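The structure under discussion appears below in the form of C-alpha cells.
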Amino acid sequence: MIVAIDGPAGSGKTTIAKLLSKKLNISYLDTGATYRALTLKALDEGIDLKDALHLTRLAAGLNLKFKGQKTYLDDKDVSEKIRTPLIDKNISIIVAYPEVREVMVALQRRIAKGGDFVVEGRDITTVVFPNAEFKFYLDADSTIRAERRFNELKAKGIKIGFKEMEKDLNKRDDADKKREVGALTLSKDATYIDTSKMAIEEVINEMLKYIRKGKK
Ligand code: DC
C-alpha cells in the first residue's frame, strides 16, 4: 500500500507523514531527503550546478540509505546536514533537471517497491506513484508555512532572518510549481487538506478517516 502525500514546504507534510506512518505501522519515505542528499553531495564535490550531465551521473551513483528516520550518504548520517539553508538555497536548480529527476524517481520507486509506505514529496501523487491507493495534498497559508519553517530552523539553532528565509521559501515553492517536469500540482484524485488552522492530530485523524474508508 502506498499513501502518497504532496504539498509545498511548511505544509506539515514531513511531520504528518512520519506520524501517519507510525499510526499505520508502515514505512516512511521522504523523497525531499533524496534530492537534499544529492545536493549535498554535489556541493561537497564542487560540481558545477549548471552541469546537468554530471549531476545525473552523480545521482545514478548515489550511495544513499534510510535507516529509521535517518538519512545516510556514503554511510555517514547526514540527516541534519541536508536541512541547512545552504541546501535550501541550491536545491531548486538541481531538482529542475528532468534527467536528474528520472534517476531519482527510479530510486524512490526502488526503495518503496513491494512495501507499504507513506511517501511524501512534490510529484508523488502525479509521477512517482500515480496509482497510489491513497493520495493527499497538504497546503497552508504562505505566512504560516514560513513561520513553521522558521521555527524548525530556530529549534535546530540555525540562525537566519525571517524575511530572508520567507523569500527563499517562496522562491523554492514557485520553482517547484513552475518546473516543466515533476511540478507540484494538485492531482485530481487527491484529497486536499488546508492545515493552516489545524493541529497535527486533527490532520492525521482526517487522513485516517479517508484511509479507513478505503477512499482516495
Ligand atoms: O520537502 P523538502 O523541503 O525536503 O524538499 C526539498 C526540495 O526538493 C524542494 O524544493 C522540492 C524538491 N522536491 C522535489 O522536487 N520533488 C520531490 N518529490 C521532493 C522534493
Side-chain angles (χ1 to χ4, degrees), residues 2-18 21 28-43 49 52 55-56 59 62 64 66 69-71 73 78-112 117-130 132 135-140 142 145-153 156 158 160 165-187 190 195:
I2 298 285
V3 179
I5 309 176
D6 285 326
S11 57
K13 273 187 326 277
T14 304
T15 311
I16 285 157
K18 277 183 187 164
S21 71
Y28 160 70
L29 174 62
D30 172 5
T31 61
T34 66
Y35 290 103
R36 285 177 178 275
L38 175 64
T39 305
L40 177 65
K41 179 93 179 161
L43 293 175
L49 301 189
L55 290 165
T56 308
L62 208 61
L64 187 65
F66 295 101
Q69 308 221 325
K70 300 237 178 257
T71 307
L73 177 65
V78 293
S79 316
E80 295 289 317
K81 250 184 142 180
I82 57 170
R83 300 197 184 279
T84 60
L86 178 71
I87 302 294
D88 287 348
K89 275 187 199 298
N90 287 286
I91 198 165
S92 290
I93 178 161
I94 296 181
V95 302
Y97 296 123
E99 51 277 60
V100 169
R101 296 196 72 86
E102 205 180 305
V103 174
M104 299 304 278
V105 167
L107 169 75
Q108 293 155 12
R109 287 183 183 144
R110 259 196 325 270
I111 294 173
F117 272 83
V118 174
V119 188
E120 58 132 324
R122 303 295 187 291
D123 56 347
I124 310 306
T125 58
T126 52
V127 176
V128 185
F129 292 110
K135 295 185 179 185
F136 296 95
Y137 186 105
L138 301 187
D139 204 357
S142 73
R145 293 193 291 104
E147 278 168 9
R148 285 177 184 164
R149 188 46 68 95
F150 183 71
N151 290 334
E152 248 172 58
L153 292 174
K156 286 185 198 155
I158 296 173
I160 184 168
M165 194 236 46
E166 189 180 30
K167 207 174 100 204
D168 282 354
L169 184 118
N170 288 333
K171 220 164 97 185
R172 254 186 321 133
D173 279 345
D174 211 42
D176 282 336
K177 286 179 180 163
K178 286 187 183 146
R179 70 170 159 255
E180 277 175 30
V181 174
L184 172 64
T185 47
L186 172 58
S187 169
T195 69

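One-based numbering, in listed order, for ligands and for the atoms of each. Every heavy atom of this structure was used, including side-chain atoms; hydrogens, water molecules and symmetry mates were not. What you see is a predicted model, and the numbers here were worked out from it, not measured in a lab.
There is no side-chain donor-acceptor pair under 3.5 Å between Tyr97 and Glu102.
Looking from atom 19 (C) of ligand 1 to the surrounding protein, the closest heavy atom is Thr31 OG1, 3.4 Å. Among all protein heavy atoms, the one lying closest to atom 7 (C) of ligand 1 is Ile91 CD1, 3.6 Å. For atom 3 (O) of ligand 1, the closest non-hydrogen atom of the protein is Arg36 NH2, 3.1 Å. Shortest contact from atom 10 (O) of ligand 1 to any protein heavy atom: Asp176 OD2, 3.2 Å.
Going from atom CG of Asn170 over to atom CZ of Arg145 covers 7.0 Å, rounded to the nearest 0.5 Å.
When Thr71, Asn90, Asp88 are each tested for a side chain to side chain donor-acceptor pair (under 3.5 Å) with Arg36, only one passes: Asp88. With Gln108 as the fixed residue, the side chain to side chain donor-acceptor pair (under 3.5 Å) test singles out one of Thr34, Asp30, Asp123, Thr31: Thr34.
When Arg122, Arg179, Lys171, Arg83 are ranked by how near their heavy atoms come to atom 17 (C) of ligand 1, first place goes to Arg122. Distances from atom 16 (N) of ligand 1 to the heavy atoms of Arg101, Arg172, Arg149 show the closest one on Arg101.
Judged by distance alone, the side chain of Lys135 and the main-chain N or O of Ala4 form no donor-acceptor pair under 3.5 Å. Between the Arg149 side chain and the Ala9 main chain, no donor and acceptor come within less than 3.5 Å of each other. Judged by distance alone, the side chain of Lys70 and the main-chain N or O of Ser79 form no donor-acceptor pair under 3.5 Å.
The distance criterion of under 3.5 Å between nitrogen or oxygen atoms is not met by Ser92 with respect to ligand 1. The shortest N or O to N or O distance between Glu120 and ligand 1 is not under 3.5 Å. Looking at ligand 1, you won't find any N or O of Tyr35 less than 3.5 Å from one of its N or O atoms. On a distance-only criterion, Asp30 and ligand 1 share no N/O pair closer than 3.5 Å. At under 3.5 Å, not a single nitrogen or oxygen of Gln108, backbone or side chain, sits near a nitrogen or oxygen of ligand 1.
Heavy atoms of Met104 stay at 4.0 angstrom or farther from ligand 1.
In this structure, Gly182 and Val127 approach most closely via the heavy-atom pair CA-CG2, 4.3 Å.
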